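All chains are named by letter (A, B, ...) in the order of the sequence lines, taking the proteins before the strands, and each is independently numbered beginning at 1. None of the values given here were measured: they were computed from a predicted structure.
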There are 4 protein chains.
Amino acid sequence: MRKLSDAGLRVFAERGYHAARVDDIVRSARTSHGTFYLYFANKEDLLRALAVECADSLFELADALGEIEGEFGYEELRAFLAEFLGIYRSYGVVIRAWMEDQVPDRDVARTGVKAYTAIAKRLAVRLEESGSVQPVDAATSVSALMAMLERFNYAVSSRGLGAHDDETLDTVARLVGQGFFGIGVSRPA
Amino acid sequence: MRKLSDAGLRVFAERGYHAARVDDIVRSARTSHGTFYLYFANKEDLLRALAVECADSLFELADALGEIEGEFGYEELRAFLAEFLGIYRSYGVVIRAWMEDQVPDRDVARTGVKAYTAIAKRLAVRLEESGSVQPVDAATSVSALMAMLERFNYAVSSRGLGAHDDETLDTVARLVGQGFFGIGVSRPA
Amino acid sequence: MRKLSDAGLRVFAERGYHAARVDDIVRSARTSHGTFYLYFANKEDLLRALAVECADSLFELADALGEIEGEFGYEELRAFLAEFLGIYRSYGVVIRAWMEDQVPDRDVARTGVKAYTAIAKRLAVRLEESGSVQPVDAATSVSALMAMLERFNYAVSSRGLGAHDDETLDTVARLVGQGFFGIGVSRPA
Amino acid sequence: MRKLSDAGLRVFAERGYHAARVDDIVRSARTSHGTFYLYFANKEDLLRALAVECADSLFELADALGEIEGEFGYEELRAFLAEFLGIYRSYGVVIRAWMEDQVPDRDVARTGVKAYTAIAKRLAVRLEESGSVQPVDAATSVSALMAMLERFNYAVSSRGLGAHDDETLDTVARLVGQGFFGIGVSRPA
DNA sequence: CATGAATGAGTGTTCATTCAT
DNA sequence: AATGAATGAACACTCATTCAT
């Protein structure tokens with residue numbers, strides 16, 4: 001039930017997965033404990049469901065990345081980043097929960113890693129095609145890229161800096177392009 | 001008491017702060033519940049104590065950064081990174097706990113941010129002096145740098161990749177130097 | 001919930017407030033720990049609730065005292081005493097707990113004192129109206145009266161002397177009438 | 001050790017027997033936990049020791065009551081009351097602890113009751129000798145007398161009314177004399 | 001004699017989960 | 001389908017008591 005998933009996302013984001021009480025979620029969704037357990041086996045199951053939702057979004061993003069025709073330059077990179085950061089904005093808690101060992105469920109972690117890998121691969125392909133990539137080491141640098149995006153995005157959103165405005169997006173895009181892939185991007189005037 | 005702090009670090013790292021049971025910590029320290037509460041007011045107090053320890057290490061690192069004479073090039077950057085990643089290796093959980101909203105104590109969070117800021121400032125100064133810096137935007141890029149180091153380091157250590165060997169250190173150093181500060185570093189032969 | 005209040009009264013009476021275990025209360029009420037904390041914030045809150053119940057009974061008694069028409073002689077005094085001792089029989093522990101400094105909650109103590117004062121005032125009025133009162137000192141003697149009733153009643157009930165039979169009631173009534181208020185009461189033949 | 005007994009009396013009086021912590025007593029006596037258990041088997045043993053002290057004082061009072069030559073009138077009653085209330089001031093907690101079922105030790109309770117009975121007997125004898133006694137019922141009224149003194153004294157001391165001044169003593173003396181024993185005492189001018 | 005760090009059984013409290021309605 | 005009162009296992013924390021120094 002959407003009401004509950006949304007409430008879960010809200011409460012997890014506010015308090016963190018472990019500190020979140022089923023009671024908080026249920027109250028936030030204006031429903032009852034009974035209903036919660038009608039749709040989810042338990043609290044962890046809600047996290048799993050949210051993780052799947054998140055993974056789906058990431059897979060979609062990966063597909064979109066593969067379907068772009070023509071050159072993959074600064075604008076495209078920037079558009080991708082905006083997309084990715086948006087997903088992170090919604091599912092940050094879930095991503096962090098599965099990345100860290102807060103949840104014992106191995107399947108959730110695996111799904112997450114798979115989604116991440118899908119994106120990483122597509123991105124690597126795209127950038128290589130564009131001919132401007134000179135990654136220090138593919139695996140390491142893509143990992144570092146994702147890491148930075150995740151953590152940076154968290155910092156930005158938690159500092160209450162609000163939406164990712166153009167300035168921020170540009171900075172990140174240039175950092176990623178120049179630093180990780182050697183795209184000497186000066187923002188097109 | 002050292003035994004307990006160490007055990008806390010171990011257990012927090014294994015299970016995460018919230019999932020960690022006082023009983024686990026006590027058992028890991030081969031001591032009793034009573035002893036735990038002799039030295040710490042409660043579980044959160046242990047986190048606070050560890051956070052202070054961590055912050056001290058970071059402040060020391062900041063000072064060391066300020067006292068380096070002469071040029072601040074690749075080797076110095078690499079040494080700094082090794083140092084920083086080492087601290088993160090020990091205090092990762094604590095850093096993440098205070099960075100995320102897992103702990104209600106505002107003082108802990110403030111101390112952590114202060115320590116981070118101290119490092120960030122010194123680093124910015126050092127790199128500017130070295131003349132090779134062309135940061136996209138100082139505040140943003142240093143923030144991103146710290147973010148990346150944190151998250152990347154976490155990824156590396158949690159994947160069980162073990163110690164930070166030379167290869168990894170070099171990759172990171174080059175990424176940081178080239179990407180964030182425009183230092184065109186090719187590893188000195 | 002009545003089951004829990006009653007069980008609380010029972011267990012507090014048996015073991016005293018401090019020695020009483022929530023587990024005892026819960027078992028005596030044939031319910032669970034969870035249910036206890038569903039209705040009461042904590043052990044002290046149960047005492048508070050019982051104190052309010054007790055205070056209500058005392059206020060009712062005070063009102064009844066004010067509504068008696070006609071003379072207030074031996075029979076009326078005796079009836080009042082029977083009523084008061086009955087309340088004490090049920091809520092003895094609570095009264096003692098709030099009279100002594102066993103409970104940190106100042107509000108509970110204040111409510112109790114207020115209820116006592118209400119009774120004392122009405123009683124003083126009634127007896128003065130009856131014209132036979134020559135109290136040594138109003139404040140002191142009413143205080144002493146209540147004190148005696150409380151403590152005496154406790155002694156009687158804890159010695160297992162069972163219900164307050166006619167003999168006991170008569171003795172107390174005569175003591176109070178003669179000693180405190182100078183009513184030369186010879187038991188009506 | 002006197003230091004510890006005194007500290008025990010202080011702390012028991014402040015917090016009540018159950019709420020009193022051995023740590024409080026030890027700190028109040030400026031000594032250590034080890035020393036406490038050198039002189040007392042456990043917390044209850046300290047209460048026992050204090051109860052014996054208290055009983056001794058009461059037995060002494062009983063003896064003094066028996067050794068008074070000549071008449072036992074208002075002044076003698078008043079002197080006795082002052083003595084009794086003084087003992088209660090010091091040992092109130094202990095008396096209450098043994099009177100109520102707060103302590104499982106049956107011996108303590110028995111000693112206390114014995115001491116009380118000793119006083120009650122002597123007092124009854126003295127008053128009967130004085131020829132002015134017409135107790136309603138010996139057993140009941142003496143019990144009520146002790147009860148009242150105890151409880152009243154508590155009320156007086158806990159209300160912060162300070163020492164038992166002449167006024168209070170006179171009021172109590174007249175109440176007891178007139179009410180319990182029919183001594184028509186008007187304070188000697 | 002004196003100490004106080006260490007102990008662990010015991011207690012209050014929480015919260016995910018169930019089930020009769 | 002929906003409810004929410006009831007449950008009890010699990011956890012944080014306390015404090016009387018011990019014992020090596």
Side-chain angles (χ1 to χ4, degrees), chain A residues 1 3-4 8 11 15 17-27 29-47, chain B residues 1 3-4 15 17-27 29-47, chain C residues 1 3-4 15 17-27 29-47, chain D residues 1 3-4 8 11 15 17-27 29-47:
Chain A
M1 200 181 220
K3 262 201 306 181
L4 278 164
V11 176
R15 306 222 198 303
Y17 172 68
H18 268 104
R21 306 286 148 236
V22 171
D23 191 71
D24 299 331
I25 297 168
V26 152
R27 211 184 343 246
R30 293 176 189 285
T31 183
S32 66
H33 281 223
T35 302
F36 181 95
Y37 286 92
L38 198 61
Y39 291 99
F40 302 100
N42 47 43
K43 203 175 84 165
E44 199 187 319
D45 190 40
L46 170 58
L47 182 67
Chain B
M1 199 184 214
K3 261 200 307 181
L4 278 165
R15 306 226 197 300
Y17 171 68
H18 268 105
R21 304 291 149 227
V22 172
D23 193 70
D24 299 332
I25 298 168
V26 153
R27 203 170 5 229
R30 291 176 191 285
T31 182
S32 66
H33 279 224
T35 302
F36 181 94
Y37 288 94
L38 188 63
Y39 292 98
F40 303 100
N42 46 44
K43 205 174 81 165
E44 196 187 322
D45 190 40
L46 170 58
L47 181 67
Chain C
M1 199 185 215
K3 260 200 309 181
L4 279 165
R15 306 225 199 301
Y17 172 67
H18 268 104
R21 304 289 149 230
V22 171
D23 192 69
D24 299 332
I25 297 169
V26 152
R27 207 177 355 237
R30 292 176 189 285
T31 183
S32 66
H33 280 224
T35 302
F36 181 94
Y37 286 94
L38 188 63
Y39 292 99
F40 302 100
N42 47 42
K43 203 174 81 165
E44 197 187 321
D45 191 41
L46 170 58
L47 181 67
Chain D
M1 199 181 220
K3 262 201 307 182
L4 278 165
V11 176
R15 305 224 199 301
Y17 172 66
H18 267 105
R21 305 285 149 238
V22 172
D23 192 69
D24 299 330
I25 297 168
V26 151
R27 210 184 343 246
R30 292 177 189 286
T31 182
S32 67
H33 282 223
T35 302
F36 181 95
Y37 286 91
L38 198 60
Y39 292 99
F40 302 100
N42 47 42
K43 201 175 85 164
E44 199 187 319
D45 191 40
L46 171 58
L47 181 68

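For C:Lys3 and B:Asp23, each mapped to the nucleotide of DNA chain F holding its nearest heavy atom, the one lying further toward the 5' end belongs to C:Lys3. The residue among A:Gly34 and A:Arg21 whose nearest nucleotide of DNA chain E lies closer to the 5′ end is A:Arg21. When each of C:Thr35 and B:Ala41 is assigned the nucleotide of DNA chain F with its nearest heavy atom, C:Thr35 is the one assigned upstream, toward the 5' end.
Closest to the A:Val22 side chain, of the nucleotides F:dT17, E:dA16, F:dC13, is E:dA16. The side chain of B:Ser32 approaches E:dA6 more closely than any other nucleotide in the set E:dA6, F:dG4, E:dT13. In the set E:dA16, F:dA12, F:dA6, the nucleotide with an atom closest to the side chain of A:Lys43 is E:dA16.
As rounded to whole Å, 14 Å separates atom P of F:dA12 from atom CG of B:Leu47. Atom pair D:Ile25:CD1 and F:dC15:P shows a separation of 13 Å (rounding to whole Å applied). In this structure, OH of D:Tyr39 is placed 9 Å from P of E:dT3, rounded to the nearest angstrom. Rounded to an integer number of Å, the gap from C:Met1 CE to F:dA5 C1' is 8 Å. Taking atom CG of D:Leu38 as the reference point, atom P of E:dG4 lies 14 Å away to the nearest angstrom. Rounded to whole Å, the distance from CG on B:Leu46 to C1' on F:dA12 is 13 Å. Taking atom NE2 on C:His33 and atom C1' on E:dT17, their separation rounds to 18 Å, with Å as the unit. In this structure, D:Glu44 places its CD atom 13 Å from P of F:dA16, rounding to the nearest Å.
Stems are defined here as 3 or more consecutive Watson-Crick or G-U wobble pairs with pairing distances under 3.5 Å; those involving DNA chain F are E:2-21 with F:2-21.
Annotation: side chain of B:Leu47 is not in contact with side chain of B:Lys43 (no heavy-atom distance under 4.5 Å). Counting heavy atoms from C-beta outward, D:Phe40 and D:Met1 have side chains that stay 4.5 Å or more apart.
A:Phe40 comes within contact range of no nucleotide atom at all, as no heavy-atom separation falls under 4.0 Å.
Taking both residues in full, the closest heavy atoms of C:Tyr39 and C:Asp45 are given as O-OD2, 4.4 Å, listed atom of the first, atom of the second, then distance. Annotation for B:His33 and B:Asp23: closest pair NE2-OD1, 3.0 Å, computed over non-hydrogen atoms. Closest heavy-atom contact between A:His18 and B:Ala19: NE2-CB, 3.8 Å. Scanning all heavy atoms of the two residues, the minimum distance from A:Asp24 to A:Ala20 falls at OD2-C, 4.3 Å.
Rounded to the nearest 0.5 angstrom, D:Arg21 CZ and D:Arg15 CZ are separated by 9.0 Å.
Not one side-chain nitrogen or oxygen of D:Tyr37 sits closer than 4.0 Å to the OP1 or OP2 atom of F:dT18. Listed pair D:Thr31 / E:dA2 fails the phosphate criterion, with no side-chain N or O lying under 4.0 Å from OP1 or OP2.
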Step by step, would you call A:Leu4 with A:Ile25 a side chain to side chain contact (heavy atoms under 4.5 Å, CB included)?
CA-CA 7 Å; A:Leu4 278 164; A:Ile25 297 168; 4.3 Å; yes

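A distance of about 13 Å separates the C1' atoms of E:dC1 and F:dT21, rounded to the whole Å.
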